[in-house]
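A short write-up of the structure that comes next.
One-based numbering along the sequence shown.
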Amino acid sequence: MSVYYKWFRNFFGSSLLEIRGEKEKLINVLSEKGIYFWGTEIKEDGSMNINGSVFSAGKIIEEGEKLGCNVSVLKRKGLPFLAEKYKKRYAIMVGVIIAWAFLFLSSLVVWDVQISERSGEDPQKICEYLEKCGLETGTFLPRLNVRAVENQFMIEHSEYSFIAVNVCGTVARVELRRAVKAGEPENLSIPSNVVAQKSGTVISVEAYGGSPAVKSGDVVEEGDLLISSFMEGSFGVQRSVHAYGKVKAAVSYEFETEIPFEYEISSLTGKEETKKNFKILGFNVPFFSDEKTSFEKCVAVSEKKRLEIFDIKLPLEVESVEYLEQAKEIIILTENEAEKKALEEFERWKSREIKGEIISEVWDVTFDENGKACKLKASLIAEEDIAKTVLLE
């Protein structure tokens with residue numbers, strides 16, 4: 001809070017007083033009556049210097065005179081005394097008042113949000129996340145709840161394990177770390193069953209714990225029991241163990257897609273427009289910002305840059321937005337081109353969905369009667385491990 005007190009004193013004014021006489025008694029009286037003062041200093045000649053605000057300096061002089069002290073004003077500073085000096089120069093005074101007001105208000109907001117380089121993250125992306133959590137350039141410092149920002153960030157971004165926001169003056173420095181997902185070792189002491197996570201026909205069963213409940217050739221549905229937790233021990237006694245293992249099965253898949261011979265896409269025309277937006281303390285400055293683009297349909301690419309003076313970042317941000325015009329374009333495909341696109345889509349689906357080895361694959365391409373689309377239907381069988389361990393409660 002010392003920063004705010006300093007601005008307060010400079011804005012409303014203060015006086016440096018010299019006291020000769022009963023200095024100690026005066027200090028005691030000021031303390032008892034709650035008269036505000038600061039910066040006491042004993043000089044070599046026995047006098048004492050003391051600072052008083054524009055509201056308390058007069059009271060200090062009055063109390064000193066009651067005790068017979070010699071109190072004199074050495075120096076006055078602050079906006080009221082500056083106004084008195086230049087009271088006939090209105091333009092200068094208005095400019096000074098605006099400048100002081102701006103400096104005072106700017107000390108109450110976040111000038112810059114700095115992301116630690118050790119985090120290895122994209123600063124612009126992290127700043128966008130933090131903005132949604134309530135921290136950005138221009139955030140009012142007295143209302144900034146750092147813990148709430150940290151908690152909100154962790155709730156919305158579970159990929160991070162740690163974040164710390166440290167506010168130093170008008171700069172918010174952010175430290176964060178990504179979560180490291182380490183594979184948890186399987187606890188073999190907890191009883192469990194193995195069930196099917198997909199439907200299919202069993203090919204082989206490898207039970208490392210528990211008793212197999214299915215055999216090769218059995219048809220199972222998702223959720224069916226594959227390896228039971230119960231095993232028969234000595235003397236025919238049933239006991240519950242941690243069942244785990246591998247169950248390979250033939251899993252069937254179906255795929256279908258349709259590619260139209262004629263469709264519409266958006267393509268770039270080559271025309272570009274660049275617009276600039278200015279922000280001070282997080283607020284838009286409409287007088288210096290450009291109007292919106294004239295393009296009806298476009299792609300926007302933005303770049304933000306903070307202005308600096310002698311490596312000091314100012315609370316002035318310039319956003320340069322490049323607009324690339326788009327136009328509608330009609331694409332017409334031949335039957336061969338449409339079939340090729342359908343097969344490409346089929347291959348992408350297989351690489352995304354199939355986790356095991358493909359045993360068999362059948363596909364067929366047809367064209368509708370109106371000649372408007374190409375249809376591809378496919379069936380395939382893949383050998384996959386369908387075992388899923390489920391702990392018993």
Side-chain angles (χ1 to χ4, degrees), residues 158-159 181 183-184 186 192-228 243-269 297-299 324 326-391:
S158 58
E159 66 271 25
K181 295 183 179 180
E184 295 184 2
E186 194 169 5
S192 63
N193 285 327
V194 175
V195 300
Q197 57 183 339
K198 293 181 180 180
S199 301
T201 303
V202 176
I203 297 175
S204 63
V205 180
E206 297 179 24
Y208 305 135
S211 304
V214 294
K215 62 183 183 301
S216 178
D218 287 350
V219 176
V220 296
E221 299 293 331
E222 181 180 352
D224 285 354
L225 180 65
L226 302 179
I227 303 175
S228 173
Y244 65 107
K246 292 182 179 180
V247 179
K248 294 291 184 69
V251 181
S252 299
Y253 291 91
E254 300 290 333
F255 174 79
E256 183 174 345
T257 186
E258 182 175 302
I259 305 296
F261 290 144
E262 183 178 317
Y263 58 94
E264 183 182 285
I265 65 169
S266 296
S267 59
L268 299 177
T269 64
K297 191 173 184 181
C298 61
V299 177
L324 309 177
Q326 290 182 315
K328 296 179 180 179
E329 183 180 353
I330 304 299
I331 302 297
I332 299 176
L333 301 177
T334 64
E335 290 186 354
N336 290 335
E337 290 172 337
E339 182 177 344
K340 182 181 178 181
K341 278 189 171 292
L343 289 172
E344 289 173 352
E345 190 172 319
F346 179 42
E347 292 298 325
R348 287 194 295 269
W349 174 82
K350 286 193 296 183
S351 62
R352 185 176 64 250
E353 299 293 334
I354 307 302
K355 307 302 179 184
E357 180 183 353
I358 296 176
I359 301 173
S360 65
E361 175 184 320
V362 178
W363 54 268
D364 180 48
V365 174
T366 59
F367 304 98
D368 66 7
E369 297 178 354
N370 298 322
K372 292 184 177 181
C374 166
K375 295 182 180 180
L376 183 146
K377 291 184 178 181
S379 301
L380 59 84
I381 299 175
E383 181 180 329
E384 297 181 2
D385 181 8
I386 63 171
K388 177 183 178 182
T389 301
V390 179
L391 300 180

| field | For Thr257, the option from Glu345, Lys375, Lys377 that meets side chain to side chain donor-acceptor pair (under 3.5 Å) | value | Glu345
Shortest non-hydrogen contact from [X] to [Y]?
X      : Y      : result
Val205 : Pro212 : CG1-CB, 4.1 Å
Tyr208 : Gly245 : CD1-CA, 3.4 Å
Ala249 : Ile386 : CB-CD1, 3.6 Å
Val194 : Ala387 : CG1-CB, 3.6 Å
Cys374 : Ala342 : SG-CB, 4.4 Å

Measuring from [X]:[atom1] to [Y]:[atom2], what's the distance to the nearest 0.5 Å?
X      : Y      : atom1 : atom2 : value
Ile332 : Glu262 : CD1   : CD    : 5.0 Å
Asn193 : Lys388 : CG    : NZ    : 12.5 Å
Phe346 : Leu380 : CZ    : CG    : 5.0 Å
Glu258 : Lys372 : CD    : NZ    : 11.0 Å
Phe261 : Lys341 : CZ    : NZ    : 13.0 Å
Glu347 : Glu344 : CD    : CD    : 9.0 Å

| Chi angles and distances behind the side-chain contact (heavy atoms from CB on, under 4.5 Å) call for Leu268, Gln326 | CA-CA 4 Å; Leu268 299 177; Gln326 290 182 315; 3.8 Å; yes
| said: Show me the pairs that pass salt bridge (charged side-chain N to carboxylate O under 4.0 Å, His left out) and involve residues 197-211, at least two apart or across chains. | reply: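 Every salt bridge (charged side-chain N to carboxylate O under 4.0 Å, His left out) pair that includes a residue of residues 197-211, provided the two are not neighbours, is Lys198-Glu384.
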| task | May I have all residue pairs that pass salt bridge (charged side-chain N to carboxylate O under 4.0 Å, His left out) and include part of residues 327-337, sequence neighbours excluded? | result |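 Output for this query is empty, none listed.
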| query | Where the side chain of Asp385 meets the backbone of Val247, is there a donor-acceptor pair that is under 3.5 Å apart? | reply | yes
Donor-acceptor pairs under 3.5 Å, side chain of residues 353-365 to any protein atom, not counting sequence neighbours: which ones?
residue, atom, partner, partner atom, Å
Lys355, NZ, Arg352, O, 3.3
Glu361, OE1, Lys350, NZ, 3.0
Glu361, OE2, Lys350, NZ, 3.3

| field | side chain to side chain donor-acceptor pair (under 3.5 Å) partners of Thr201, counting only residues at least two apart | value |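 None.
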| Counterpart residues, side chain to side chain donor-acceptor pair (under 3.5 Å), relative to Glu254 (two or more places apart) |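 Counting only residues at least two positions away or on another chain, Glu254 forms a side chain to side chain donor-acceptor pair (under 3.5 Å) with Ser379.
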| query | Hey, does Ser252 have a side-chain heavy atom less than 4.5 Å from the side chain of Ile381? | reply | yes
Which pairs would a plain distance check flag for residues 216-226, meaning a side-chain donor or acceptor within less than 3.5 Å of a matching protein atom at least two apart in sequence or in another chain?
residue, atom, partner, partner atom, Å
Ser216, OG, Ile203, O, 3.0
Asp218, OD1, Lys215, NZ, 3.4
Asp218, OD2, Lys215, N, 2.9
Glu221, OE1, Ser199, OG, 3.1
Asp224, OD2, Glu221, N, 2.7

